[in-house]
Amino acid sequence: MRDRSPDLRIHDFQEVDPGLNGQEAIAEAMLCLQCKKPLCVDGCPVGIDIPGFIAQVAEGNFLAAYEIIRSENMLPAICGRVCPQEVQCEGACVLANKGSPVAIGALERFVADRAREETDPKPPALAEQTGKRVAVVGSGPAGVTAAAELVRRGHSVTIFESLHEAGGVLIYGIPEFRLPKEVVRAEIEGVKDLGVTVHLNHLAGRSITPEELLGHDAVFLAMGAGLPHFMGIDGENLNGVYSANEFLTRVNLMHADRFPESDTPVMQGRRVAVVGGGNVAMDAARVARRLGAEAALIYRRREEDMPARKAETEHAKEEGVRFITCANPVKIYGEQSVTGIECLRMDLQGTDESGRPVPRPVEGSNFVVDADLCIIAIGQSPNPLLARMIPGLRLGKRGTVLVDDDGRTSIPHVFAGGDISTGAATVITAMGSAKVAAVAIDRMLMEQG
Amino acid sequence: MYRIKEKKELADGIYECWIEAPHISRHARAGQFLVLRIDDSGERIPLTISGVDGDDVRVIYMAVGKTTHYLASLGEGDLIRDVAGPLGTPATIRDYGTCVVIGGGVGIACTPIIAKELREAGNRVIGIIGARNAGLLICEDEMRDVCDELFVCTDDGSSGYHGFPAGLLKRELEALSIDAVWIIGPAIMMKITSEVTRPYGVKTFVSLNPIMVDGTGMCGSCRVTVGGETKFACVDGPEFDAHQVDFDELMRRQRIYLDQEKEALALYQNHECRCMGDRKHA
Ligand SMILES: Cc1cc2nc3c(=O)[nH]c(=O)nc-3n(C[C@H](O)[C@H](O)[C@H](O)COP(=O)(O)OP(=O)(O)OC[C@H]3O[C@@H](n4cnc5c(N)ncnc54)[C@H](O)[C@@H]3O)c2cc1C
Ligand SMILES: Cc1cc2nc3c(=O)[nH]c(=O)nc-3n(C[C@H](O)[C@H](O)[C@H](O)COP(=O)(O)OP(=O)(O)OC[C@H]3O[C@@H](n4cnc5c(N)ncnc54)[C@H](O)[C@@H]3O)c2cc1C
Ligand code: SF4
Ligand code: SF4
Ligand code: FES
């Protein structure tokens, strides 16, 4: 709404959007028509009572609004910031066809931030202990959501996380200027306060064997889609070629922007080329800008076909990221380190099953983009390590763990949700699938008596 | 937090450290490693698991840069923020017949655990350990215990055979029928030594040490080319078929952060002199 100016923000990692103040929030909330059949709710994968919480905001009852949101969503300060609202709640809002939906995401964020900063929200009531043990693998939004839902229902829940900090992509992938880590930590603390045990530094499959894992009464797999894709072109292993995961992890999780105060280094590029057009590519390019580089984005299709959240492409452009569209890399040049990227122009013809145009290389259209760093952000697949170690677990073609509508895998007491079962998607779809699975796990555990 | 149970200097600048980490010790196998991060601003660095005793795991490391120097300054009772593992695919241990296990420099640290498992799997195990000079030799007694035969060499002849492990290996290959060879050490040593077995067509394994971040297959920092294909050393390895490895690429990628590493070490040593001088030199 009132973003900090691009000239200012490309010099730091502070949040781009400072958020609404109380008056603005109330004014925005008054715009809601309080529909009898609220379409916005259908657009939210976790089914928040949107008109309900907005009515409380309009009255100035921010804590009551928070309680309403939190009964469906344990991570509202996160979702308010990173959900692609334009295709979800806000996209479905009746006011959207008039071009100005209620700013549901901003309101959700406001309510959650206010609750965190000014009050001491009491943890939701827990059910009686059932004595059932559930193992959750991965502490991204899917794992954390399932854990919260299950512990609330009285089960004893342990999360195994391989990294040294909980949060998955929220911690290592999405940069501070879009999602402050303090916000992520606070919301995850809220879940831990419910009584969830988190074992960090535990790689399931190695620190804990598949047999030990399957020895729990139920297992929820939420390993995410963290395996970075490379293009398979010449020069890809040159010094100066990063996966977006590595580049972002070095900066977000390991704080390489603060080297040498922080021990982890990152290569400082002067001209950085990022390949891709999703949220991950935007984040990488914008981080590169903040480290002082010029940044260009190389994308196969047109700008309007980019899968990133709209706000992120806008922000990237404001921050001076150059878009090179309808182009695809074919070779990376360099002796020791990257010096340039050869690309081919792409011609767009017809549409594929996702409705987007199909890019075809134009022969002889080769051109070179000068760069000393190349960051590849063309997608990620499900983390294969553990899934392949569990005998009898059925996997899909792209390495996803196959599940039914309840999130149940081919093994009766093993469930899965989030990016490991859908392939790389969004925070809120990961949370939605985790909630569905948690309900099914609870039902199964209670039926067993 | 993970407690240091025991720590000592094995040779000039080479240290042994036992860390209490039951989640690692329970399932650790030869050839696997751990990743540790000393404190909140620390780097994640991989170190081979060189021994296991109850809840404790051992690492043996050479102080080369900031993190390893810092680790060397810690002692019994000190705490390490994070230790993750065991990581990587275990060594391919089975009954081959006669095996040679070679360690060079600090790489010797990784050999006793491999030699021991190979012996237990029924192999006759010949050990070869080499260092620049006698003062830098480590784990000699331990290797003698777990090998059927052990040969020692030094670059300057101050202990054992005067020369590189490659020389001893060639001698063994000519004298005996050898079924498999492990070579662990600096990349250049692994490259040269594995060339010795190539003409004999003997199965040869090396344990690669590219720069890592997560150590779980999520970043691709550790990618290496093996048989023309890109592999992630932290999950597909670190052990690979030596004759398929692109060592030149590995060595190039190990140098990515050379300038920053120098800067970090200088800053640390400067700082350490000022703040910890008393403790260190007392
Ligand atoms: C850079 C970037 C930007 C993004 N931006 C947005 C955005 O703006 N909006 C949006 O909605 N979505 C965004 N996404 C996508 C979104 O973050 C993911 O869809 C979501 O995080 C998936 O949640 P998850 O819980 O399934 O997995 P993850 O968040 O990936 O978490 C999985 C966790 O499991 C751990 N793990 C994996 N294997 C093991 C194992 N064997 N043992 C123990 N732990 C294990 C991992 O370390 C990780 O912590 C973005 C993704 C990236 C990478
Ligand atoms: C699987 C594996 C097992 C290893 N086992 C041992 C061992 O048992 N004993 C031992 O002494 N060393 C081992 N190493 C090497 C050890 O990780 C590095 O010496 C250490 O990271 C150096 O950190 P530093 O900050 O002290 O030095 P720096 O000054 O940062 O670096 C010195 C050199 O170490 C290498 N290095 C730096 N950072 C990393 C990193 N994050 N990951 C890997 N290498 C890096 C680089 O080639 C660099 O030039 C292993 C490496 C790998 C990949
Ligand atoms: S959780 Fe996401 S989709 Fe649901 S209401 Fe909030 S911002 Fe919209
Ligand atoms: S659809 Fe829009 S106007 Fe209607 S209740 Fe939802 S937010 Fe309010
Ligand atoms: S160290 Fe990150 S993938 Fe191997």
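Naming convention: chains lettered A, B, ... in sequence-line order (proteins, then strands); numbering from 1 in each chain.
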[X], part contacting chain A, at a heavy-atom distance under 4.5 Å:
| X | value |
| --- | --- |
| B:R253 | both |
| B:L250 | neither |
| B:R44 | both |
| B:P210 | neither |
| B:I256 | both |
| B:V83 | backbone |
| B:E249 | side chain |
| B:Q32 | side chain |

If I measure from the heavy atoms of chain B, does [X] come under 4.5 Å with its side chain, its backbone, both, or neither?
| X | value |
| --- | --- |
| A:E212 | side chain |
| A:T249 | side chain |
| A:H164 | both |
| A:Q380 | neither |

Is B:R37 paired with A:E165 through a side-chain N to carboxylate O contact shorter than 4.0 Å?
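Salt bridge between A:E165 and B:R37, a charged N being under 4.0 Å from a carboxylate O: no.
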Any donor-acceptor pair under 3.5 Å linking the side chain of A:N245 with the backbone of B:M218?
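Yes: the side chain of A:N245 pairs with the backbone of B:M218.
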Counting only N and O atoms by type, is there a donor-acceptor contact under 3.5 Å from the side chain of A:S207 to the main-chain atoms of B:H23?
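No; judged by distance alone, with no hydrogens or angles, the pair does not exist.
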B:F232 and A:F230 aromatic ring geometry - parallel, tilted or perpendicular at 30°/60° bounds
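Perpendicular, since the angle between the ring planes exceeds 60°.
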Say whether B:T225 and A:N237, considering side chains only, have a donor N or O and an acceptor N or O under 3.5 Å apart.
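Short answer, yes.
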Evaluate the criterion side chain to side chain contact (heavy atoms under 4.5 Å, CB included) for residue pair A:L238 and B:R252; output intermediate values, then yes/no.
CA-CA 8 Å; A:L238 281 169; B:R252 164 164 57 67; 4.2 Å; yes
[X] [atom1]: over 12 foreign heavy atoms closer than 6.0 Å:
| X | atom1 | answer |
| --- | --- | --- |
| A:K181 | NZ | yes |
| B:E195 | CD | yes |
| B:R26 | CZ | yes |

